[in-house]
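Here is the structure we will look at, set down as structure tokens.
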Amino acid sequence: MRQSVFVPGHRGPAQVEGEVACCLFHGNRVFITRDGGRPALPRVDVEFYGIALDTAHYLGTLDGIPCYGMALPHGAALPEGLELLGMRALILEGDELAAGIAGQAFQLLEWARTHRHCGCCGQPTLPHAADRALECPDCKLVFYPRISPVMMALVYRRNDNGSELLLTRKAGYAEGRYTVVAGFVEAGESLEQCLAREVKEEVGVDIRNPRYFGSQPWPFPNSLVMAFSAEWAGGEVVPDGTELEDARWFSIDALPDLPEAVHISRLLIDDTLAHLRKPR
Ligand SMILES: [Zn+2]
């Protein structure tokens, strides 16, 4: 399969005619085409669908073609030959590039939809002249795309019988599946403070030696997940009764069902397992 090249950018060309690569949304779903069975971003004729590019979000170029995130206008005919797919399905089935671009478009459209007026004086906002932002023409307040930082923690411990991971499940999570601890960063909090607080609140234990693993944007609706592993430092596991249905230690040789590999939580678990299985 051909590997696409995406070059991000936020200032589109002054004029576009004919086809553009697009993340064209209809509600919460995006139109896709299939490339060897896998979902791919389609190209559409902007004029045919009556899409005004000044309401679209320029994302960059995809294989040299301008790429936009946009919503199908109300009353417009559904594009023929394209399939509507939910964002979660695109993340699970699609390649990382298509899912990433569509995730960005989804977040930008949602941000623009919810920032049409100034939160201070109520005037309609306008695109900022230089940045990807909206600006109030009256009081000049600037609104950047909203990003909500989320801290994720995989707590582990080593003992005489081997190593264990502390995993949790929320009510309504897939049957039998467990995952890591996660929560939103609060205003005024450092990432380290958030990590310690979230773990303490959700499962009642203390941690030490946090180790950064990686990050992942998660567009439901605007999270940026930062994943850490951390060593257990003390305390008995007491699951927070409101958020969690269960939390417990699992031997690394008898783990439950885990999240799919597209989630950074799973990549964090796999990386930590590799680290714990290394001879010391
Ligand atoms: Zn204002």
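For reference, positions follow the sequence shown, starting with 1. Please read these numbers as outputs of a predicted model, since none were measured by experiment. Counting starts at 1 for both ligands and their atoms, in listed order.
The cluster map of Ile, Leu, Val, Met, Phe, Trp and Tyr, joined by side-chain heavy atoms under 4.5 Å apart, puts Leu85 and Leu109 in the same cluster.
With hydrogens and angles disregarded, a donor-acceptor distance shorter than 3.5 Å links the side chain of Gln193 to the backbone of Ser190. Although no hydrogens or angles enter the test, the distance criterion places no donor-acceptor pair under 3.5 Å between the side chain of Arg208 and the main chain of Ala233.
Here the closest heavy-atom approach between residue Ala71 and residue Leu24 is recorded as C-CD1, 3.9 Å.
Around the Zn ion (ligand 1), the protein N, O or S atoms closer than 2.8 Å are Cys118 SG, Cys121 SG, Cys136 SG, Cys139 SG, listed by chain and residue number.
Proximity of the aromatic rings of Phe228 and Phe213 is defined here by a centroid distance below 6.0 angstrom, and this criterion is not met.
Applying the side chain to side chain contact (heavy atoms under 4.5 Å, CB included) test to Arg132 and every residue at least two apart in sequence or in another chain returns His10, His57, Gln104, Leu108, Pro145.
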